[in-house]
Amino acid sequence: QVQLVESGGGLVQAGGSLRLSCAAYGVILSITIIDWYRQAPGKQREWVATISSGGSTNYADSVKGRFTISRDNAKNSVYLQMNSLKPEDTAVYYCKTPSVGGWGQGTQVTVSS
């Protein structure tokens, strides 16, 4: 079954850090582009970060300088290191790649003030 599974979310105080993981099954992440998205309560899903197959990265302005996207090809996984977290980062976070349809269950990140 082709799917992406997110994990690593949790409750953290403002200024803290979390590392999210995106594990792939049935798809090889090293040869594809991966995006992280997030959806806060009552808001539309928004793009957060991208890593290309070549390792190039791009970030939304709201997370630039605080979040880092990376990949471990040996583990067929992509990560999102989130530092200096803010309450406005509270959302369900999802990873996405073009070859996998739909969305996974996501992982909840809650940042308390």
Side-chain angles (χ1 to χ4, degrees):
Q1 184 177 1
V2 178
Q3 61 176 345
L4 300 176
V5 179
E6 303 92 344
S7 63
L11 173 63
V12 64
Q13 288 188 332
S17 299
L18 283 173
R19 189 177 84 149
L20 306 184
S21 298
C22 173
Y25 302 91
V27 59
I28 300 173
L29 293 187
S30 62
I31 59 173
T32 187
I33 191 168
I34 303 294
D35 300 301
W36 280 98
Y37 287 82
R38 66 186 181 186
Q39 187 167 22
K43 295 187 177 181
Q44 288 190 334
R45 196 167 307 185
E46 65 174 354
W47 168 76
V48 174
T50 296
I51 186 165
S52 72
S53 57
S56 299
T57 58
N58 201 11
Y59 300 92
D61 288 343
S62 58
V63 307
K64 199 171 294 183
R66 301 188 297 120
F67 290 11
T68 303
I69 188 171
S70 63
R71 67 199 315 153
D72 185 334
N73 292 337
K75 295 183 178 180
N76 206 29
S77 295
V78 171
Y79 306 98
L80 187 67
Q81 176 67 44
M82 306 187 297
N83 299 329
S84 302
L85 282 162
K86 304 175 181 180
E88 51 264 43
D89 294 318
T90 295
V92 179
Y93 285 71
Y94 304 87
C95 56
K96 191 79 171 78
T97 189
S99 60
V100 178
W103 297 90
Q105 84 285 355
T107 186
Q108 175 71 49
V109 171
T110 303
V111 184
S112 63
S113 57

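Quick caveat: nothing in here was measured; it's all calculated off a predicted structure.
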Which atom pair, heavy atoms only, marks the closest approach of Thr107 to Gly8?
OG1-N, 3.8 Å
Can you classify the ring geometry of Tyr94 versus Trp103 as parallel (below 30°), tilted (30 to 60°) or perpendicular (above 60°)?
perpendicular
Please examine the side chains of Val27 and Leu4, heavy atoms only from C-beta on, and report whether any two atoms are closer than 4.5 Å.
yes
So do the side chains of Tyr59 and Arg66 get within less than 4.5 Å of each other, counting heavy atoms only?
no
For Val5 versus Tyr25, what's the shortest heavy-atom pair and its separation?
CG2-CE1, 3.7 Å
With a 4.5 Å limit on heavy-atom distance, are the side chains of Ile69 and Thr50 in contact?
no
4.5 Å side-chain heavy-atom contact, Ser21 and Ser77:
no
Count the heavy atoms of every other residue, nucleotide or ligand shown that sit under 6.0 Å from CG of Leu11, and state whether that count exceeds 12.
yes
What one should report as the nearest heavy-atom pair of Arg71 and Ile34 is NH2-CG1, 4.2 Å
Here the pair of heavy atoms bringing Thr97 nearest to Ile33 is OG1-O, 2.8 Å
Does the Asn76 side chain pair with the main chain of Ile28, one donor and one acceptor, at a distance under 3.5 Å?
no
Determine, for Tyr79 and Arg19, whether the Lys NZ or Arg CZ falls below 6.0 Å from the six-membered ring centre while staying within 45 degrees of the axis.
yes
Under the 3.5 angstrom rule, does the side chain of Gln105 hit a backbone N or O of Glu6 as a donor-acceptor pair?
yes
Step-by-step side chain to side chain contact (heavy atoms under 4.5 Å, CB included) determination, Phe67 to Thr57
CA-CA 11 Å; Phe67 290 11; Thr57 58; over 6 Å; no
same_hphob_cluster(Leu18, Tyr37) at 4.5 Å side-chain heavy-atom cutoff
no
Kindly write out the residues that satisfy salt bridge (charged side-chain N to carboxylate O under 4.0 Å, His left out) with Lys64, not counting sequence neighbours, or none if the list is empty.
Asp61
Please tell me if the side chains of Met82 and Leu20 come closer than 4.5 Å, counting only heavy atoms from C-beta onward.
yes
Hits for side chain to side chain contact (heavy atoms under 4.5 Å, CB included) against Thr90, two or more places apart or cross-chain, chain-then-number order -> Gln108, Thr110, Val111
How far does OG of Ser53 sit from CD1 of Ile31, to the nearest 0.5 angstrom?
8.5 Å
Quick one: are Ser17 and Val12 in side-chain contact, heavy atoms under 4.5 Å?
no
Side chain to side chain, Gln13 and Leu85, heavy atoms closer than 4.5 Å
no
Honestly curious: do Val48 and Val92 fall in one hydrophobic cluster under the side-chain, below-4.5 Å linking rule?
no
Judged by modelled atom types alone, do Ser99 and Thr32 share a side-chain donor-acceptor pair under 3.5 Å?
no
Provide the full list of salt bridge (Lys or Arg N to Asp or Glu O under 4.0 Å) pairs with a residue in residues 25-38, sequence neighbours left out, each pair given once.
Arg38-Glu46, Arg38-Asp89
Minimum-distance pair of heavy atoms, taken over all atoms of Ser113 and Pro87:
CB-CG, 3.8 Å
